[in-house]
Amino acid sequence: MDMNEFARRFTAAKDKLYRIALLYLGNADAAEEVLDEAAYRGVKACGRLKEPEYFDTWMTRILINAASDELRRRKRHQSFEEFPESAAEEFDSLPLKDAISRLPKELKEIVVLRYFSGYTLKETAEILDIPQGTAATRQRRALSLLRLELGEEVQR
Amino acid sequence: MNRNEEYYALLGELSAAEAPSASLKKAVRRNRTNKFIVRPLAAVAAVLAAFTVIVNTSTTAAFAMSKVPGLKELAKAVTFSRSLKDAVDHEYAQLVDLEKSSSGITANVEYLIVDRQQLVVFYRLSSKDHANIGTDCDFYTAGGERSGSSWGPNPYELGTGSMPENGSLRSVYVEYFDTEVPPELKMVLRFWDADDGHPAAGEPEYICEMDFDLSFDPQYKSSGKRIEIGKTVNIGSRSVNVRALDIYPIRTVLQVEGASSNDAWLTGLEFTIKTPDGRSFGSESSGTIAYSSDVSVPEIQSYTAGSLYFSGARSATLEISGAKWLDKDMEKVRIDLKNASASALPSGCGLEDARLETRADGTSVWVVTFLEKDSLGQLLMPAVFDAEGKECVRELSWTPAQNKYLDRTAPEGFSYTTYYLSGCSSDTVYMQLCATEVWSGDIEPSRISLDLD
């Protein structure tokens, strides 16, 4: 994929990517930094994307990885705590947005992609490079923790 | 409001959120800046770079240029670099196959690709105890001195854009600018758990370290040829002497010098080498240039590009399409931190804000934001000195963004870069400009025909 094509597709997708980062990290400044980093990684790597139809999932994967790297960095320098799955009461006590940000990483990814980005279970599994069954299991656990009752497929 | 109601409310709130508009522009600019890295002056060389990776090869390793096992996997791993891909396609790879284990981590150094001035090491990590392993690497000569100028592991060139997974093939690069790759090197790998984050400076929490001894086949190191050019091109009102082209198996090096009569130092060059069959050789991704040599010495400078070695071309055309210049009267910028002012900067650029922050741990950090012209790329070398020319900060970092105190956005064609000066011992500091002027794009490129035979 050349730069012009990347620029066109990134511009069309950036709002969606930003919202993923916003939900993942919990604040606009961090989401903007992560979007910047993901854009840079995409610019460097776009020459290796041979199938443009996979741009969305490819770029989303880059963003999720950048967001995860940022969370790891923050964990070393600030007190940022993910709650374990056993801490149901802690999750219940938080507004939904905060509860999502405190989910363990593997559950947060599923929730953000499935219920706030419009990806199907199959697409989510591809982005995260996990089996679809694993994605389904994590989805059930996440919805249970968050006390959400949502269908299997969510409209985009 | 129950949880489902919260969900729909949050969905509505997020749907209104709009991404900042500058992310792509910043990314493109950052990518271009990395292609115009200015080699450090002698005074700043100690500050920059130096992350050397030492790779060990067994003296019993197979040095044969053909029938190197496992090359198919290596070929898949190097598709990000046409030079490396061409090298592997022509079986220009040295099998190493060294393995060491410690603290539940196993490292396999598998291949080397080496020529006279560059070394690329391919290795793999595995562990049952750590899901994601990060590595820091250093290279040393037989005498124990740090060697080369390198980068790596680069997680963004192999894999999907994040930390390489355990078991995946990783790469490390080592470059030599003024000397050649030594006949032997030692690589020291230090491992950290990527899920815990990188060990903080001064507080190493490495899991373990391993070293590997490498020696290189002289046949690889001697490959390459020089094409003498000896022509002068005019770039705007200034002249550049194009002296020679060195073609190595994994890089091409253009040797140039700015004319002594120029009123500015040449600090960057944009060029493409085109072969009759339509191939273009420049940087790996866009076909333009890499970086320059010591800007303080107006002598022969080296600019690297993708390798023509395996192209089979007997002729080519060198197109020079851009150059960066540093006005000889504007090399250093004097920065008054207390008054947030700076001596002459390139037109349109400026010091926007400087203030002293006290961090939670009690350390003081000067936060200094510059407005930079996008066309110039990186404005300042990342090194800070006092009036005597000594480094005067304990730690320096920077980000292509404005600081949180500025409530305005950069005008079109400009961007902010913020520097963080920790432990600065002076209120008046000096930084080196990278360029004051750029010439590119809208003028017909200068062309030189090359005979490669």
Side-chain angles (χ1 to χ4, degrees), chain A residues 2-3 6-7 10-11 13-23 28-29 31-33 35-48 50 58-59 61-66 68-69 72-78 92 95-97 99-100 105 115-116 129 146-150 154, chain B residues 1-11 13-34 79-82 132 134 154-163 165 193-200 205 284-287 359-361 399-401 404:
Chain A
D2 64 22
M3 262 304 302
F6 175 84
F10 181 86
T11 301
K14 66 178 171 62
D15 284 345
K16 181 177 175 180
L17 295 170
Y18 176 67
R19 289 165 202 154
I20 293 173
L22 199 53
L23 198 55
D29 287 343
E32 181 176 346
E33 284 185 19
L35 183 66
D36 288 350
E37 177 64 22
Y40 172 63
R41 295 184 191 184
V43 163
K44 279 181 67 77
C46 65
R48 301 199 293 280
K50 305 300 179 192
W58 175 81
M59 194 64 229
R61 184 186 299 145
I62 289 177
L63 182 91
I64 293 282
N65 288 335
S68 298
D69 290 346
R72 274 199 293 267
R73 190 189 70 80
R74 284 169 171 236
K75 274 162 101 172
R76 272 202 72 79
H77 296 288
Q78 301 170 10
D92 286 345
L96 181 62
K97 187 177 177 184
I100 292 171
K105 172 178 171 292
Y115 297 107
F116 292 92
D129 199 19
L146 296 173
R147 310 283 190 215
L148 280 171
E149 294 175 2
L150 297 171
V154 179
Chain B
M1 191 187 288
N2 63 33
R3 270 303 203 217
N4 271 31
E5 289 169 346
E6 270 193 274
Y7 164 72
Y8 288 108
L10 181 56
L11 201 58
E13 178 190 324
L14 285 171
S15 66
E18 288 185 0
S21 60
S23 292
L24 181 60
K25 185 173 75 167
K26 283 189 224 173
V28 171
R29 174 169 169 266
R30 184 175 160 193
N31 192 43
R32 287 191 63 204
T33 299
N34 287 343
T79 53
F80 60 90
S81 163
R82 190 166 68 185
N132 294 291
N154 187 336
Y156 311 125
E157 298 203 9
L158 283 176
T160 59
S162 65
M163 184 69 68
E165 293 178 353
D193 191 319
D195 289 332
D196 293 335
H198 190 280
E205 294 175 9
E284 298 297 347
S285 61
S286 69
R359 295 280 161 88
D361 60 1
T399 180
K404 59 187 177 185

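Note: hydrogens, waters and symmetry copies are ignored here, and every other heavy atom, side chains too, is used. Given the structure is predicted, the values throughout are model-derived calculations rather than measurements.
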Under 4.5 Å from any heavy atom of chain B - which part of [X]:
{"X": "A:Phe116", "answer": "both"}
{"X": "A:Ile100", "answer": "side chain"}
{"X": "A:Ala31", "answer": "neither"}
{"X": "A:Leu35", "answer": "both"}

Where do [X] and [Y] come nearest, in terms of heavy atoms and distance?
{"X": "A:Lys14", "Y": "B:Ala19", "result": "O-CB, 3.4 Å"}
{"X": "B:Asn4", "Y": "A:Glu149", "result": "ND2-O, 2.7 Å"}
{"X": "B:Glu6", "Y": "A:Leu96", "result": "OE2-N, 2.8 Å"}
{"X": "A:Lys97", "Y": "B:Glu13", "result": "NZ-OE2, 3.7 Å"}

>> For the backbone of B:Glu18 and the side chain of A:Asp15, can you confirm whether one donor and one acceptor N or O come within less than 3.5 Å of each other?
In response: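 Not confirmed, A:Asp15 side chain does not pair with B:Glu18 backbone.
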>> Quick check against the 3.5 Å criterion: does B:Tyr7 have a side-chain atom that pairs as donor or acceptor with the backbone of A:Tyr115?
In response: yes
